[in-house]
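This is a predicted model, so every value here is computed, not measured.
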Amino acid sequence: MAKEINPTAFIELIRDLRRGETLEELSEELADVQQRCKDTGKVGTITLQIKIRPERGADGMFGITDDIKVKKPQFDRAATIFYEHADMQLRREDPRQVKMDLREAPKPEPQEIREAPQSTRNVRTVK
């Protein structure tokens with residue numbers, strides 16, 4: 001004899017878990033993970049685990065708990081380039097690179113702004 005199944009039972013259960021807090025938390029996490037996936041172009045996951053435990057001595061009564069696990073995609077972390085020096089230390093400066101004597105260029109004197117003369121040639125407008 002087949003049992004009649006309520007097709008909305010699972011949704012109703014999630015709606016009622018912890019008086020709606022589970023559904024609210026899932027909705028917030030969904031928005032966060034969706035945005036992070038959009039920002040990184042990577043995959044994220046939300047996992048809902050529901051535990052159903054029959055209550056001892058109470059026929060037909062169940063304790064139901066939930067656990068939400070979220071894995072947001074991470075941004076790629078850029079590498080920093082270091083060079084090995086003779087003393088076996090890693091440093092940012094390449095020991096093979098010639099040091100350049102760089103100094104600040106002098107600031108130019110302010111110049112008078114001059115207007116270009118108007119052209120006497122015929123100018124055509126192309127449509």
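- With values rounded to the nearest 0.5 angstrom, Gln34 atom CD is found 13.0 Å from Glu29 atom CD.
- At a threshold of 4.5 Å between non-hydrogen side-chain atoms, the residues Gln74 and Lys42 do not count as touching.
- Using a distance-only test at 3.5 Å, with no hydrogens or angles considered, a donor-acceptor pair links the side chain of Arg36 to the main chain of Pro73.
- Hydrophobic clustering (ILVMFWY, side-chain heavy atoms < 4.5 Å, transitive): Ile68 and Ile52 are in one cluster.
- If you chain together hydrophobic residues whose side chains sit under 4.5 Å apart, Leu26 and Val43 never meet in one group.
- Side-chain N or O atoms of Arg92 include one that pairs as donor or acceptor with a backbone N or O of Ile81 at under 3.5 Å.
- Atom-to-atom distance recorded for Gln49:CD and Thr65:OG1 is 8.0 Å, nearest 0.5 angstrom.
- Distance check, rounded to the nearest 0.5 Å: OH of Tyr83 to CD of Glu93 gives 10.0 Å.
- Under the 4.5 Å side-chain heavy-atom criterion for Ile, Leu, Val, Met, Phe, Trp and Tyr, Phe10 and Phe62 are members of the same hydrophobic cluster.
- The structure places CG of Leu13 at 5.0 Å from CD1 of Ile50, a figure rounded to the nearest 0.5 Å.
- Leu30 and Val33 fall within the same hydrophobic cluster, defined by Ile, Leu, Val, Met, Phe, Trp and Tyr side-chain heavy atoms under 4.5 Å apart, directly or through other members.
- Within 6.0 Å of CG on Asp87 lie more than 12 heavy atoms contributed by other residues, nucleotides or ligands.
- The CD1 atom of Ile64 lies 10.0 Å from the CZ atom of Arg53; values are rounded to the nearest 0.5 Å.
- Just one residue in the list Asp39, Thr45, Thr40, Asp32 forms a side-chain contact (heavy atoms from CB on, under 4.5 Å) with Lys72, and that residue is Asp32.
- Residues Asp67 and Lys51 are not paired through a salt bridge, judged by the lack of any N-O separation under 4.0 Å between the basic side chain and the carboxylate.
- Taking the side chain as every heavy atom from C-beta outward, Asp66 and Leu48 approach each other to under 4.5 Å.
- Note: Glu25 CD to Glu21 CD = 8.5 Å, rounded to the nearest 0.5 Å.
- Linking Ile, Leu, Val, Met, Phe, Trp and Tyr residues whenever their side-chain heavy atoms come within less than 4.5 Å leaves Ile14 and Ile5 in two separate clusters.
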